[in-house]
There are 2 protein chains.
Amino acid sequence: MSISIKSLHITMESKMSALNEQALEYVAKYFKALAEPMRLKVLNALQDGEKNVSQLTQLSGGTQANISKHLTLLAQYNLVKRESRGTNVYYRIADPSVYELCELVCGQIGNRMTLEEDIKKLFITSNQTE
Amino acid sequence: MSISIKSLHITMESKMSALNEQALEYVAKYFKALAEPMRLKVLNALQDGEKNVSQLTQLSGGTQANISKHLTLLAQYNLVKRESRGTNVYYRIADPSVYELCELVCGQIGNRMTLEEDIKKLFITSNQTE
DNA sequence: TGACTATATAACTATACAGTTATATAGTGC
DNA sequence: GCACTATATAACTGTATAGTTATATAGTCA
């Protein structure tokens, strides 16, 4: 978990070429699981530890049915882990690499925003907005 | 570019919480751009350097119109850079972090596949398949 | 100029899926 | 058993978009 990005990149190139048609579809579906604002919001809400469906529903501002559907999908892709205790069901981030993924994306977007100053505001830190 | 994944993760957590509604949508769209098998195939084909639309059309097995559409989209998200020379238009990977993204995803899927042996075959290296 | 090639785009179809509403399932405590 | 709460799911609607076909645009060369 402490290998450098540079070596990761090299590892990547060899792995990437090894991906066949079916694997590409699999990878694409995985990205698709992360390609929904509401799901990102849910993952975001899970950063500081597990939460049950009710909590996530409230935090995300979605409906219970909708959040439940998203959680089911996230669990299918092993992005979150599910654990029922009593009548509640608790979800937690399954793998910290989810955050690494988001970091890379946010980093890229951050760089791009230096060229588009008006969108840069999107990344005002929570401290500044409070 | 040589900071460790561990520190990236920490950086990530602070950044992630700073993302507001609009930024989440932006990140989601970015993931969506990567969530198509054909686009991944095109990016894959660009790994060993720039190629024009005809070459990419042939390599990907898609139609010219379809590949052109995908390339336009990839360029919009700054995943590829466009450069026309004569009647040809050459595309190249805009940013190596695209590969880092894929590495993280492929790594995750790789781990998951140790649990699902039947899907593991998907990752047979190209040497083995030839 | 016109013929030829490469790329982009417009218009269309079919499919996938996010979100909604209503209902089912399952656990708890009486 | 019943009432209550939490979560999941079924059925539906609307929207977004991948892929197709046909056409437009633009560069090259005679």
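As the structure is a computational prediction, the values presented were derived from the model and not from experiment. Reminder, nothing fancy here: chain letters follow the sequence lines and each chain counts from 1. We use all heavy atoms of the structure for the numbers below, so side chains are in, but hydrogens, waters and symmetry mates are not.
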Worksheet entry | Protein-nucleotide distance (B:R82, atom CZ; C:dA8, atom C1'), rounded to Å | 8 Å

Discussion item. Short of 4.0 Å, heavy atom to strand atom, which residues of residues 54-63 of chain A count as contacting DNA chain D?
Written reply: A:S54

Worksheet entry | Whole angstrom value for the distance that separates P of C:dA18 from CG of A:L34 | 12 Å

Worksheet item: Among residues 65-74 of chain A, which residues get a heavy atom nearer than 4.0 Å to DNA chain C?
Response: A:A65, A:N66, A:K69, A:H70

Item to complete: Using a 4.5 Å cut-off on heavy atoms from C-beta on, say whether the side chain of B:L43 contacts that of B:L34.
Response: yes

Worksheet entry | Residues forming a side chain to side chain contact (heavy atoms under 4.5 Å, CB included) with A:S54, sequence neighbours excluded | A:N52

Item to complete: Kindly indicate whether the side chain of A:L40, heavy atoms from C-beta on, has any atom under 4.5 Å from the side chain of B:F31.
Response: yes

Discussion item. Using the side chain to side chain contact (heavy atoms under 4.5 Å, CB included) criterion, which residues pair with A:K81? Sequence neighbours excluded.
Written reply: A:N78, A:R92, A:A94

Worksheet item: Is there a side-chain polar atom (N or O) of A:R39 under 4.0 Å from OP1 or OP2 of C:dA18?
Response: yes

Practice prompt. Round to the nearest Å and state the distance from A:E25 atom CD to C:dA16 atom P.
Written response: 12 Å

Discussion item. Is the shortest side-chain heavy-atom distance between A:L46 and A:L56 below 4.5 Å?
Written reply: yes

Item to complete: Starting at the 5' end of nucleotides 23-30 of chain D, put B wherever the base has a protein heavy atom under 4.0 Å, S where only the sugar-phosphate does, and a dash everywhere else.
Response: ----BS--

Worksheet item: Which residue pairs pass the salt bridge (charged side-chain N to carboxylate O under 4.0 Å, His left out) test when at least one of the two sits in residues 22-39 of chain A, sequence neighbours left out?
Response: none

Worksheet item: How about B:E83: does its CD atom have over 12 heavy atoms from other parts shown lying under 6.0 Å from it?
Response: yes

Worksheet item: B:Q64: what forms a side chain to side chain contact (heavy atoms under 4.5 Å, CB included) with it, not counting sequence neighbours?
Response: B:V53, B:T57, B:S68

Worksheet entry | N/O (side chain, B:N52) to phosphate O (OP1/OP2, C:dA6) under 4.0 Å | no

Item to complete: Find the distance A:E83:CD to D:dT7:P and express it as a whole number of Å.
Response: 13 Å

Discussion item. Could you check whether any side-chain heavy atom of A:L79 comes within less than 4.5 Å of a side-chain heavy atom of A:L73, counting everything from C-beta outward?
Written reply: no

Worksheet item: How many Å lie between CG on A:L24 and P on D:dA18, as a whole number?
Response: 16 Å

Response to the item:
Residue pairs passing the salt bridge (charged side-chain N to carboxylate O under 4.0 Å, His left out) test with at least one member in residues 48-69 of chain B, sequence neighbours excluded, are B:D48-B:K51, B:E50-B:R85

Practice prompt. Check whether any side-chain nitrogen or oxygen of A:K32 sits under 4.0 Å from OP1 or OP2 of C:dC17, and answer yes or no.
Written response: yes

Item to complete: Starting at atom CZ of B:F31, determine the distance to atom C1' of C:dA18, rounded to an integer number of angstrom.
Response: 18 Å

Discussion item. Restricting to side chain to side chain donor-acceptor pair (under 3.5 Å), what partner residues turn up for A:N88, sequence neighbours left out?
Written reply: none

Fill in: 5' precedence on DNA chain C between A:E36 and B:Y90 (nearest-nucleotide basis)
B:Y90

Worksheet item: Is there a side-chain polar atom (N or O) of B:Y91 under 4.0 Å from OP1 or OP2 of C:dA6?
Response: no

